[in-house]
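Since the structure comes first, as structure tokens, the remarks are kept for the end.
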Amino acid sequence: MELIITEKDNAARRIADILSGGTFDSSRENGVNVYEWGGKRCVGLSGHVVGVDFPPEYSDWRDVEPVELIDASVEKTPTKENIVATLRILARKAERVTIATDYDREGELIGKEAYEIVRDVNEDVPIRRVRFSSITENEVQNAFDEPDDLDFDLAAAGEARQIIDLVWGAALTRFLSLSAGQLGNDFISVGRVQSPTLKLIVDREREIQAFDPEDYWELFADLAKNGTTFEAQYFYRDEDDNEAERVWEEAVADEVYETLADRDAATVVDVNRRTRTDTPPTPFNTTQFIRAASAIGYSAQRAMSIAEDLYTAGYITYPRTDNTVYPDDLDPEELLDDFVGHATLGESAESLLEADEIVPTEGDEETTDHPPIHPTGEIPSRGDVSDDEWEIFELVVRRFFATVADAAVWEHLKVVTEVDDYRLKSNGKRLVEPGYHDVYPYFNTSENFVPDVDEGEELAIDDVELEEKQTQPPRRYGQSRLIETMEDLGLGTKSTRHNTLEKLYDRGYIESDPPRPTKLAMAVVDAAENYADRVVSEEMTAQLEADMDAIASGEATLNDVTDESREMLEEIFANLADSREEIGDHLRKSLKDDKRLGPCPECGEDLLVRQSRHGSYFVGCDGYPDCEFTLPLPSTGKPLILDSECEEHGLNEVKMLAGRQTFVHGCPLCKAEDAGEGPILGECPECGDEHGGELAVKTLQSGSRLVGCTRYPDCEYSLPLPRRGEIEVTDEYCDDHDLPELVIHNGDEPWELGCPICNYQEFQARESDTGSDLEALDGIGAKTVEKLADAGIESIDDLTESDPDTVADDVEGVSADRIRDWQAKA
DNA sequence: GCAAGGTC
């Protein structure tokens, strides 16, 4: 029996399909899919199935000095036990093993991990390696016709990275955490990739804080020709003879303004017309995909998660790639053909197929692991995917369209006019040939009108404006901009960059979007810059890359590189030893600064945002236990302390971050004071008859609101109300319950909530309508729940027990892959 | 309970 090992299940299935000509059988062992045909078995790993760590005696942070980790041994242990177990069983019976992991450095290491597991149980079996850049019939057949051996040097390069990252990361993370007394969940992390990324954000924040705005003026005039007006802006030549628009002295600005306002006409002195070719974008790699998705409102994390779902469902290719050159075996015409006749995408595809020749664009990066992200030709029907998934799918399809479309052509028209010695310029642009913009409508194509004029022509001055402005601090990095910058600096990989940002959020280093660094982050970067400069610099990665290349080419060994790295870390720790307390104090102070709201009204110490043992947030006094003053915070979301301060109490306002339900809570002390009973609505249906209880709108101290009985706590009758918006009690009464109808005013459209009892009953009815826990799964909506119910699947339990292929046959528009996906999520 | 890198 020959055993073929791939990096992931998906690849295993596709390779089995190709090599078996579609005749493979599949079975499951230990929850791992095994594909079998004609004496061959193919199994997919799940990336790394073993991980590096220190021996268990190093695991207690308090018992081990961080510096000891530098020379501690590093062990490999299985992290995916079931896959390792399956691999061992299959390897024992194998007469030949073929490693078919991804064609890149990490793939070689993952391949070596599989190699070692196989060798452990089967000393003699021949083990070979195949390499292919995309899982297509040709590439895979060729690779299996010409097998090669594992490249142990390349794998060793990856192992060196693992060891260096672990040793540096763990030793420094433990040092900082111990120095500040931050153990448990709130440790203070440091790493080769996360720390330089954090420094990017912190450096930008420092620039913003140090920024000193300067006043300047800009002048605009409306010029008219034949009754239509267009804008012109004053400019001059600066000392370097460049065109400049900003006037730095008010007196000069006033003088220009008065001259322009005084004159009726400007004379055209120069007309410059040129056409510019606007070339279509290059194929999507991960970073460019994230950037484009972010431009239409998706966070990096969300975009990648949707892309992952579309990939597993078979609609797009692998979403983690650096490649921006389509492989030779991608036939653009064939792929376009798949979209012909489609309701929303067909028209674009058909127009592209009319071209005489179809030549896709190419980016600078051509790699061996995966093709650029493109559609597979399989098109989901709208019911198969959520709106967000469709939007991302369409983006990927249209990007592919754009890469095979014609260039666009713009006509630029620059008109320079003169008033006395002052000059004005107008920049017009017109899209003459829309080209790829027709099939890729995500770029801005707004035009700017400037009419045809001739030199010497006089144009009427309609209006003149003098605008006073201030220079602005540099802008914070947005998430996609950060990911691009990380790529430019070589930080992280296509698969990890977006996770690194998520990690910085989780560690309490950044908050909000665009991300802002916390005081803790500033202190961590400070400490690292002072004592371990290397770990916050992108050069550590650059050096590591060079070292890995040296290992891969045989010029250096794993030990050369890791020994040298350990020595550098020893030196850092020698310098750190005396400063432990100083660093700890600074970190502790910054941690407190991040939680501080303002003075306690009872004792004057600081009020801090704290977290109870159960995880809920509240406001407590730093003077505790001497001062027991507390204030509640809403139970939904994570509190973010805003810059704005409450005038009455001098406390910072609080915002509750809860995804789409994010809201501003305001000053917690004001909220507590406002708490109490609002307007009476009517008789309590529970105790009104007997005890005369009445229903009132109530605000709890936490800020949440409800309709409750005035006899609380004797009567606990209550109805929920929305958290946000002003509640209006109308004159309309509900016939059934004799209560006034309510309207909620929250920004946009008023929400006619109606009678609170009717509203609650409707809400409950809706809840119990589908009544299925299936709806809790990502990607299953009410319609799909109905469809599944028709096929006899009414709960998550039903779903996990069913066979995907049978269900896919029974339920229209749901693929077996999607079902497997749900089963995995369940 | 540390890193970064795979993948689900």
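Convention: sequence-line order gives letters A, B, ...; per-chain numbering from 1.
- A cation-pi arrangement is absent between A/K638 and A/Y505 under the rule of less than 6.0 angstrom and at most 45 degrees off the ring axis.
- Taking only side-chain atoms of A/D53, from C-beta outward, the nucleotide of B/dA4, B/dC2, B/dG6 with the closest atom is B/dC2.
- Side-chain contact check for A/R320 versus A/D369: every heavy-atom pair is 4.5 Å or farther apart.
- For A/V193, taking side-chain heavy atoms from C-beta onward, the closest of the listed nucleotides B/dC2, B/dA4, B/dG6 is B/dA4.
- Contact annotation: A/K494 does not reach the phosphate of B/dG5 (side-chain N/O to OP1 or OP2, under 4.0 Å).
- Regarding contacts with the backbone of B/dG1, every side-chain N or O of A/R507 stays at 4.0 angstrom or more from both OP1 and OP2.
- Candidate nucleotides B/dG6, B/dC8, B/dC2 were compared by shortest atom distance to the side chain of A/E106, and B/dG6 ranks first.
- When each of B/dA4, B/dT7, B/dA3 is scored by its nearest atom to the side-chain atoms of A/N499, the top-ranked nucleotide is B/dT7.
- For the OP1/OP2 pair of B/dA3 and a distance below 4.0 Å, the side-chain nitrogens and oxygens of A/Q162 include no atom meeting the criterion.
- In terms of phosphate contacts, A/S59 brings no side-chain nitrogen or oxygen within less than 4.0 Å of OP1 or OP2 of B/dC2.
- One finds a side-chain N or O of A/S189 lying less than 4.0 angstrom from the OP1 or OP2 phosphate oxygen of B/dA3.
- Residue A/R320 places at least one side-chain N or O closer than 4.0 Å to OP1 or OP2 of B/dT7.
- Nucleotide B/dA3 holds its P atom 19 Å from the CZ atom of A/R497, rounded to whole Å.
- For B/dA4, the OP1/OP2 oxygens have no side-chain nitrogen or oxygen of A/T496 closer than 4.0 Å.
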